Each structure stands twice: as C-alpha cells, then as structure tokens.
Amino acid sequence: MAEVYYVGVDVGTASVRAALVTREGLLKSTAEEPISIWEPQCDHYVQSSTEIWEKCCTVVKKVTQGVKRNQVRGVGFDATCSLVVLDQNLQPVPVTQDGDRQRNVVMWMDHRAAEQAARITNTGHQVLSRVGGVMSPEMQPPKLLWLKENLKESCWNKAAHFFDLPDFLSWKATGCLTRSLCTLVCKWTYCPPEGWDASFWTSIGLEDLLENNFSKIGSATCPPGSPLGDGLTQEAASDLGLKPGTAVGASLIDAHAGGLGVIGADVKGFHLPCEDQPITSRMAMICGTSTCHMAISEQPLFVPGVWGPCLSAMVPGLWLNEGGQSATGRLIDHMVKGHAAYTQLQEQARHRSNIYSYLNSHLSAMANSCSAVDLLGSSLHVWPDFHGNRSPLADPTLKGMVRELETRELNLGTLHILEAMKEAGHDIRTLFLCGGLSKNPLFVQIHANATGLPVVLPDQMEAVLIGAAVLGARASQDYSTIQVQ
C-alpha cells in the first residue's frame with residue numbers, strides 16, 4: 001500500500017514554509033521562502049497577498065517533488081493574523097497612503113490603529129469581555145476602523161472582502177468564503193453560537209459591515225480542520241502542483257497551529273505531572289517573533305488581560321485562552337544587534353553556527369557552574385514591553401526599559417501570564433514549547449527556572465507545520481476528529 005501524506009503550509013512574519021508529513025506525524029521534507037515586509041510609515045507594516053500565495057505555491061511544489069499527486073490526501077494552511085483586503089473582483093486593494101495595490105495586507109504587528117483600539121476599549125461593549133477587556137491594535141476591528149477613517153476613498157469604499165490571512169489562503173485554495181472559527185473568534189469578536197454582534201460594529205462606527213449578512217467579513221463559519229468546498233480548485237491545484245479536489249481544511253492562526261501541533265504530544269513514560277491528566281493541564285507556548293501562551297478548558301474561563309475564552313479556536317469543542325508577549329524573538333534580536341559590541345560579537349562568533357550559541361557558551365563560562373546562568377543578570381532588570389504589553393496588562397502603549405536594581409528577583413512575562421490564568425481557574429502543570437526560540441536551550445531553561453514547571457520539547461520540532469498538516473488530515477476524512485490524531 002502506497003504511503004499517504006499531508007501538506008502543511010505556514011505563513012510566518014517573514015517567510016512561507018511547507019512540510020510534507022506522514023500519517024505518523026513525521027516530517028518527510030520541508031521548504032522555505034522569504035516574503036517581503038514594507039514599513040511605509042512608523043508602526044505601519046504591510047505585505048502582499050499576491051506574493052504570499054506565489055511563495056506558498058513554490059514551497060508546496062518543492063516538498064511534494066517525487067511524490068505522486070494522489071498520495072497527497074489533504075492540505076492545511078496557517079498564517080499570521082494579518083488583514084487582507086480585496087475588491088469585488090477579488091483583486092488586491094491598497095492599505096497604504098501611496099496606493100500601491102499589491103501592498104494589501106495590514107500585518108499583525110502593525111500598530112497604526114492604536115488610537116482606534118483605545119476608542120473601542122472605551123465603549124466598554126460586552127464583546128470586549130472575551131479579549132481581556134481591552135481591544136488590541138493587533139486585532140482586526142481597530143484596523144478596519146483605521147482604514148475607514150484614513151483611506152476611505154482608496155481602500156474602504158473599494159473593499160468587498162476583508163480576510164484574516166489564514167482564511168485568505170484557504171479561500172485562494174478552494175474558492176470557498178467560509179471562515180475558520182479560529183480567526184473570527186480570536187481576532188474579530190465573533191462569538192458562537194450567537195455569531196456577530198451587530199450592536200458592537202454599530203457602536204464603533206462600522207455599521208456598514210452589517211450589509212448582506214456581514215458578507216464582507218464572513219457570513220459562514222466552521223471549526224478548524226473542517227473540509228472546505230470541493231477541495232483544491234483546478235486553478236489552485238495547478239498553482240500548487242497537486243491534484244484538483246485534494247481536501248483543504250479550515251485554517252488556523254500560526255500560533256494556534258503550533259499549539260495544536262504540540263499540546264497533544266504523547267508523554268507516557270516521562271513521569272510528568274500532566275501524564276494521565278486532561279489536556280487542559282498543559283500550556284502550549286509558541287515562541288518566535290512574539291510569544292503566544294495557549295491554554296484550553298472544558299468550560300469558559302475569563303482571565304483579565306488575556307484573550308478568550310474562545311470556543312473551538314484551536315481544538316474544536318474546547319475553550320481557548322491566549323496570553324502573549326508582543327516582542328520576544330524580535331526583542332532579543334533588537335537588544336543584541338543594537339548593542340555597541342555587536343560588531344565585535346560577530347567577529348568572535350564567526351566560527352560558530354550562530355551568534356546565540358556563542359553567547360550561550362560565553363554565559364555558561366561566566367557562571368562557571370557556580371550559579372544558574374539566569375542569575376548572572378540578577379542586578380539588571382529589563383522591562384521587556386518594547387512593543388507594548390499584550391497580556392495580562394493589555395497595555396499597547398508600554399515601552400521597554402533597562403535598569404540596574406539591587407535585587408536578585410527574576411521576573412518573566414510567562415510567569416505573570418501563568419499566575420493570571422491559574423487565578424482564573426486554569427490548572428496548568430506542564431509547559432509545551434515550540435517555535436524558533438524553543439531551539440535555544442538557555443531560553444528553555446530560564447522558563448523552567450522561573451515558572452517551576454517542567455518544560456516539554458517535541459521530537460518533531462516544527463510543531464506549527466505539524467499543526468497545519470493536521471488540518472489537512474482531518475479534512476481528508478482519514479480521521480474523524482482532530483483530537484483522535
């Protein structure tokens with residue numbers, strides 16, 4: 001019997017990746033392509049949906065080389081929670097002042113709508129209870145309001161479809177406009193089973209989105225992994241080098257795909273406190289440009305300053321709370337590359353695989369096995385919210401600070417988030433890490449030290465790609481639910 005495969009496609013902040021995954025969940029091949037990021041103004045970050053789709057096609061063709069088309073049973077997409085704008089002919093609409101039509105994606109990390117987000121928070125509307133009481137400029141309602149108020153003629157009046165980037169990709173693959181509950185519940189204030197709250201959109205000045213049963217932002221929804229339309233269209237199949245009709249699963253935000261790919265890991269025999277306990281005793285941390293903290297529960301739990309509870313946003317049928325830090329990997333890069341000694345560091349680390357492995361070994365030598373490496377900075381306090389605090393303070397205006405203190409206390413944002421979740425009713429006993437930063441042993445060790453919890457790293461390190469492939473596997477009907485995979 002011929003082996004069957006599933007393709008996972010991950011659109012991150014700066015690159016598109018794909019993986020060919022076996023039925024057993026093993027990565028057979030991977031490929032990666034960079035994507036452009038433009039910063040036309042301060043705090044404005046934009047991309048091109050046309051370029052992103054082209055790069056998706058390139059990486060999928062690479063990972064499926066040498067595999068017969070009928071061996072690929074399903075495809076799943078995940079992406080950053082960026083905003084894609086198309087017109088009535090499904091062509092790009094510009095989101096910048098210069099009117100470049102190809103720049104039609106407002107990126108997740110774009111903070112142009114900070115003032116609109118504050119105004120939405122000040123309405124005190126009931127939908128805000130599911131985003132920790134504070135509307136983030138990284139969510140879609142303030143971005144939509146900014147476009148209406150600042151680019152009404154060139155963008156807002158021409159726009160017929162607003163997609164979260166993951167939903168844009170699944171639409172591009174299938175022609176199906178059905179949105180994933182992951183995106184709509186987490187980033188757009190949709191709340192199943194009631195759906196859209198018309199009074200919210202009216203209260204913030206976006207009543208025009210109510211037209212035609214909210215068709216511009218999504219009239220039909222489904223849980224992640226649900227099969228969409230009739231699978232790949234003829235055009236998309238040709239673009240991707242796959243068979244028309246190949247199943248495509250409803251998408252996930254990239255962090256949620258990482259959470260799905262890691263939180264269900266088999267830990268039998270490792271004597272962890274989460275063994276033989278419900279999956280709700282685990283927290284998934286997706287550590288990259290930013291860090292997302294994913295915890296699930298059987299009943300809705302409201303955590304101040306933390307997003308959620310969101311039903312079926314990651315695991316169908318379970319509620320999700322999502323904490324996060326707006327800048328982690330990007331902040332570490334900023335601190336290292338902005339240091340006066342960076343040029344000297346590059347020279348000293350030129351024979352190492354990267355500068356961070358050199359820095360880690362240098363820190364170990366400084367500690368000289370007399371103390372934990374993380375205590376070397378015990379008199380130095382770094383307030384890490386250089387790009388605002390996502391949770392649990394939920395204050396996008398905060399800035400970072402570096403200051404010497406006469407204290408040995410080490411505080412981490414993850415511990416702060418954990419404490420807020422536990423106080424609200426979560427019983428988290430083990431951390432499951434994935435993402436680029438989880439490959440740094442010092443980063444992992446410091447989290448274990450600070451939280452006092454065991455940390456699990458999966459043997460398949462590309463958990464986001466695994467999570468995306470799980471969506472394709474579920475859509476193929478080879479599995480009855482996501483959970484049984």
Side-chain angles (χ1 to χ4, degrees), residues 8 74 76-79 81 127 129-132 139-140 163-167 169-171 174 176-197 214 217-229 247-264 278-280 282-284 286 292-303 306-324 421 424-426 463-464 466-477 479-485:
F77 294 91
D78 75 74
C81 49
V127 301
S129 66
R130 295 186 183 273
V131 292
M139 291 185 173
Q140 309 304 6
F163 288 99
D164 221 273
L165 182 53
D167 288 322
L169 296 172
S170 59
W171 162 76
T174 65
C176 179
L177 290 169
T178 299
R179 305 319 207 261
S180 170
L181 284 175
C182 175
T183 57
L184 292 195
V185 175
C186 292
K187 306 299 177 184
W188 297 71
T189 74
Y190 187 88
C191 183
E194 295 87 358
W196 296 112
D197 189 322
F214 297 91
I217 57 176
S219 300
T221 66
C222 66
S226 302
L228 294 175
V248 177
S251 56
L252 283 169
I253 299 167
D254 55 349
H256 300 63
L260 182 64
V262 74
I263 202 167
I279 196 172
T280 52
R282 307 177 178 197
M283 175 187 278
I286 299 81
C292 296
H293 305 72
M294 307 289 194
I296 54 179
S297 58
E298 294 184 0
Q299 300 298 325
L301 298 175
F302 290 83
V303 186
V306 170
W307 297 339
C310 301
L311 180 61
S312 297
M314 185 171 77
V315 180
L318 295 178
W319 297 85
L320 172 73
N321 283 112
E322 179 189 352
M421 287 189 172
H426 282 283
V464 175
I466 295 289
V470 165
L471 301 174
R474 168 67 187 95
S476 73
Q477 310 291 337
Y479 300 88
S480 58
T481 67
I482 277 179
Q483 288 91 323
V484 301
Q485 294 171 248

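Quick caveat, the model's predicted, so the values are computed rather than measured.
- The backbone N or O of L318 lies less than 3.5 Å from no partner atom in the side chain of Q299, so there is not a single donor-acceptor pair.
- Side chains of V306 and M421 form a contact here, defined as non-hydrogen atoms less than 4.5 Å apart.
- Considering every non-hydrogen atom in both A463 and V262, the closest pair reads CB-CB, 4.0 Å.
- Judged by distance alone, the side chain of T280 and the main-chain N or O of S297 form no donor-acceptor pair under 3.5 Å.
- Between M294 and I263, every side-chain heavy-atom pair lies at or beyond the 4.5 Å cut-off.
- Nearest heavy-atom pair, P227 versus A475, reported as atom, atom and distance to 0.1 Å: CB-O, 3.7 Å.
- When side chains are defined from C-beta on, V315 counts as touching L260, because their heavy atoms get closer than 4.5 Å.
- For the atom pair W171 CH2 and T174 OG1, the distance stands at 9.5 Å (nearest 0.5 Å).
- In the displayed structure, E298 atom CD is contacted under 6.0 Å by at most 12 heavy atoms of other residues, nucleotides or ligands.
- Listed by chain and number, the residues in a side chain to side chain contact (heavy atoms under 4.5 Å, CB included) with A313 are C186, C310, L320 (sequence neighbours excluded).
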Before giving the answer on side chain to side chain contact (heavy atoms under 4.5 Å, CB included), spell out for W188 and I217 the whole-Å C-alpha distance, their side-chain angles and the decisive distance to 0.1 Å. CA-CA 9 Å; W188 297 71; I217 57 176; 3.4 Å; yes
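- Evaluation of the ring-ring contact (aromatic ring centres under 6.0 Å, His included) rule for W307 yields no partner, not counting sequence neighbours.
- Interatomic distance, CG of L311 versus SG of C182, reported as 12.0 Å (0.5 Å rounding).
- A284 approaches G259 most closely through the heavy-atom pair CB-CA, 3.8 Å.
- Between the side chain of R130 and the backbone N or O of G308 there is no donor-acceptor pair closer than 3.5 Å.
- With no hydrogens or angles considered, a side-chain donor-acceptor pair links T183 and D167 at under 3.5 Å.
- At distances below 3.5 Å, at least one donor-acceptor pair connects side-chain atoms of W196 with backbone N or O atoms of G218.
- Side chains of H293 and M283 form a contact here, defined as non-hydrogen atoms less than 4.5 Å apart.
- Side-chain N or O atoms of S226 include none that pairs as donor or acceptor with a backbone N or O of C222 at under 3.5 Å.
- When every heavy atom of A424 is checked against every heavy atom of L301, the shortest pair comes out as O-CD2, 3.6 Å.
- Scanning both residues, G225 and R474, for their nearest heavy atoms gives O-CG, 3.3 Å.
- Here T221 pairs with L181, L184, Y190 under the side chain to side chain contact (heavy atoms under 4.5 Å, CB included) rule; sequence neighbours left out.
- Looking only at distances, a side-chain donor or acceptor of S312 sits under 3.5 Å from a matching main-chain atom of G317.
- For the pair F77/L471, no side-chain contact is recorded, criterion being any heavy-atom separation below 4.5 Å from C-beta on.
- In this structure, OG on S251 lies 8.5 Å from CG on D78, to the nearest 0.5 angstrom.
- What you find for A79 and L169 is that their closest heavy atoms are CB-CD1, 3.9 Å.
- The closest side-chain heavy-atom distance from M139 to V131 is below 4.5 Å.
- Looking at heavy atoms from C-beta onward, C81 lies in side-chain contact with D164 at the 4.5 angstrom threshold.
- A heavy-atom distance below 4.5 Å is not found between the side chains of L165 and I253.
- For the residue pair N321 and H426, a side-chain donor N or O sits within less than 3.5 Å of a side-chain acceptor on the partner.
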